[in-house]
Amino acid sequence: MIRTHEAGSLRKEHAGEQVTLAGWVARRRDHGGVVFIDLRDASGSSQVVFREEDDAHGLRAEYCVKVVGEVRVRPEGNENPDLPTGEIEVVASRVEVLSEAAPLPFPVEGAAGVSEEARLRHRYLDIRRPQVAQALRIRSKATYLAHEVMHEHGFNYIETPTLTRSTPEGARDFLVPVRLQPGSWYALPQSPQLFKQLLMVAGMERYYQLARCFRDEDLRADRQPEFTQIDVEMSFVDQDDVIALGEALVGRVWKEIVGYELPSPLPRMTYAEAMARYGSDKPDLRFGQELVEMTEYFSGTSFRVFQAPYVGAVVMPGGGSQTRRELDAWQEWARSRGAKGLAYVLVGEDGTLGGPVAKNLSESESAGLAEKVGAAPGDAVFFAAGKPSEARDLLGAARLEIGRRCGLIDESQWSFLWVVDAPMFEEDGEGGWTAVHHPFTGPKPEWADNFQDHPAEALAYAYDMVCNGMEIGGGSIRIHRAEMQQRVFDVLGISKEEAESKFGFLLEAFKYGPPPHGGIAYGWDRICMLLAGGDSIRDVIAFPKTASGFDPLTGAPTPITGEQRKEAGVDAKPKSEA
RNA sequence: GGUCCUGUAGAGCAGUUUGGAGUGCUCGCCACCCUGUCAAGGUGGAGGUCGCGGGUUCAAGUCCCGUCAGGACCGCCA
């Protein structure tokens, strides 16, 4: 090794030792006769002292240097209690510049206020910043822990193809032309869903993988075109088995990394309850402001807007003192989400109701309203009326917005739960049905025989793990009987021919004694983001892409040359339309 | 595909409402001074396609139109 010690590891007990350090010039304080350099490596940093004769004046920020010197306790009064290495310093006897650094595009040390674009373009400098490096180290540690847990539970780590064919998640595929078969294309996997089920047919019984997944959809703070899942599948299990494993996995990671003891077992909530109380299938339980169903309350109302199949309310504490402008902004907010508006009532300090809706309410409706919704004087009450799903969506979104604006969310808390019993199907808007999860998700046992007769009510044997209002994992018990699979295809309007051409290989495999099986996939980027305290999964990805799928560092994606285009067979005419 | 915010020196910003000379702040950079700092300090200096294109105007960083890039959200996506 070029060095004998790590800069961040030096303490008083090293006093008197000759050490060789190697790292980067973090900060320099040049007093002319004496020069201080903070030497940073991956472990931290130590102060190195140079005397005039050492000629350290030429050192600049982020030069890569090697320093030989003696550790000593700092002179009386010069200790820095804010630094782990603040009691000592290294008196340099020799310095060697291993490589120089050009003037920096942004400060590596100090203020965090640098645009993300600049940080990503020089990501290698960004990662030198300890906060950024720390997030990647947390991810690394979490990954080791995950492997440990899976190993302890007897899982086999099995890799599946990256160049494959479309999987049934329903997102857009990334496509790869195939030189050897012009006109045919691979798809990058949206998940290893079909392969892991094949591995169950293959008798592997316990499979897991840190799987790279690819989806060609618009990006968000928590969505990248390529992302990582911890993908799990198990044979001969029930929902409780998959859930127990999930709690072991997530529990270990949270305990070891943030010192949080996961409640065991985690609370479970049905999808129906989550929608009714929180207007979301991934409720954030760190604050209250639950939705209040008012359909019954307004069943006899003469106010047209509330003559609807569903009326619900959510309370904004202190919202009664909002200005007209602020209240109008809520209307704009609701319209931007595709709603007609957001009806509201203001509860005055004397308990009287104000706002444009109030005068449409009968005396008795007004009288009991505040108590019914749990509003106090000075609060605002927002209402949504219409189709239950749409109105609840709006109220759920309003609830989150209220939580943010009013500072109701306790950021120090962790709120974990399972959301179970999601519907199997939802209307596709064209008179048909689509799978909420994917077409291989089984029905709950009580729906096994008749889900096809009640597609709107049938419940899936599926479960999502939710943390702080974010879905961090989701899975299901799969269908393993051809007969049941056929009934699902019938509901979805997938013909035998279509099923055969899309996943014939899976159906073929299922002819040969498939075991009952189920699994789950965890969004590893999101989990690591939560552990690292980040706001975006980009914080825990070494080289992420921008919202347009651009990598500011490499410049990818790039145009291809005519030669590449020809060779790749991009423009080949397909022999027959797929 | 849509809505909103942002774009001014290497970095972070102010200036845009009400048009009047690239006007300013903090940091960094360069030179010099400085023996105990740790966000060191001091003196001096360099550094600008105000994202890009067009328009209005005697005059545009500022107003209008278009466009590009980044971010947040909706649609989309588990």
Side-chain angles (χ1 to χ4, degrees), chain A residues 26-39 45-54 57 60-62 74-83 85-86 89 91 101-122 125-126 168-173 190-191 193 213-225 227 229 281-282 329 332-339 393-394 397 400-401 404 419 422 435-438 441 462-466 470-476 520-523 526 535-536 538 545-548 550 552:
Chain A
R27 279 208 155 87
R28 94 200 129 93
R29 295 173 291 279
D30 187 344
H31 292 240
V34 61
V35 181
F36 300 100
I37 298 289
D38 291 333
L39 185 83
S45 65
S46 270
Q47 172 166 285
V48 181
V49 190
F50 297 85
R51 293 291 159 184
E52 195 159 22
E53 61 270 22
D54 297 324
H57 302 293
R60 291 293 180 269
E62 299 306 318
R74 292 196 191 182
E76 184 81 37
N78 285 298
E79 306 83 2
N80 186 341
D82 298 333
L83 304 176
T85 59
E89 61 192 4
V91 183
L104 303 171
F106 56 84
V108 169
E109 289 290 323
V114 179
S115 74
E116 197 172 2
E117 200 186 352
R119 290 172 48 198
L120 293 185
R121 191 161 50 242
H122 300 273
L125 291 178
D126 191 36
E169 261 75 11
R172 227 171 271 121
D173 285 318
Q190 296 177 28
S191 80
Q193 182 61 37
C213 305
F214 306 87
R215 292 178 190 169
D216 186 9
E217 296 293 344
D218 288 6
L219 310 185
R220 285 289 197 295
D222 60 353
R223 288 185 347 215
Q224 285 270 299
F227 60 99
Q229 288 184 343
D281 59 355
K282 40 183 189 291
E332 196 46 51
W333 173 88
R335 274 191 289 274
S336 76
R337 310 183 65 89
D393 273 353
L394 181 63
L400 289 176
E401 192 64 28
R404 276 192 288 270
V419 174
V436 169
H437 208 68
H438 57 62
T441 300
Y463 29 85
D464 285 350
M465 189 187 268
V466 174
M470 190 177 303
E471 187 203 319
I472 59 172
S476 64
I520 191 164
Y522 292 90
R526 289 181 185 177
D535 299 317
S536 158
R538 294 188 296 270
K545 293 173 180 61
T546 69
S548 58
F550 178 71

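The sequence lines fix the lettering, A, B, ..., with proteins before strands; numbering per chain opens at 1.
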Using nucleotides 2-10 of chain B, report all nitrogen or oxygen pairs with the protein that are shorter than 3.5 Å.
unit_1, atom_1, unit_2, atom_2, d
G10(B), O2', P105(A), O, 2.7

Are any protein N/O atoms closer than 3.5 Å to N/O atoms in nucleotides 39-43 of chain B? If there are, list each pair with its distance.
unit_1, atom_1, unit_2, atom_2, d
A40(B), OP2, R27(A), NE, 3.4
A40(B), OP2, R29(A), NH1, 3.4
A40(B), N6, D30(A), O, 2.6

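Here the separation of G61(B) from A9(B), taken at their C1' atoms, is 14 Å to the nearest Å. For the C1' atoms, the distance linking C27(B) with C74(B) amounts to 38 Å, nearest Å. Across the P atoms, G47(B) and A31(B) are found 16 Å apart, a figure rounded to whole Å. A gap of 15 Å separates the P atoms of C64(B) and G7(B), to the nearest Å.
Among the atoms of the strands shown, none is found under 4.0 Å from any heavy atom of H438(A).
Taking side-chain N and O atoms only, Q224(A) has no distance below 4.0 Å to OP1 or OP2 of C77(B). When the side-chain nitrogen and oxygen atoms of R220(A) are compared with OP1 and OP2 of C74(B), one or more of them lie within a distance under 4.0 Å. Between S115(A) and G12(B) there is a side-chain polar atom (N or O) within less than 4.0 angstrom of OP1 or OP2.
Atom CG of D393(A) and atom P of C73(B) are 17 Å apart (whole Å).
No hydrogens or angles were tested; on distance alone, nothing pairs the side chain of R121(A) with the base of G70(B) as donor and acceptor under 3.5 Å.
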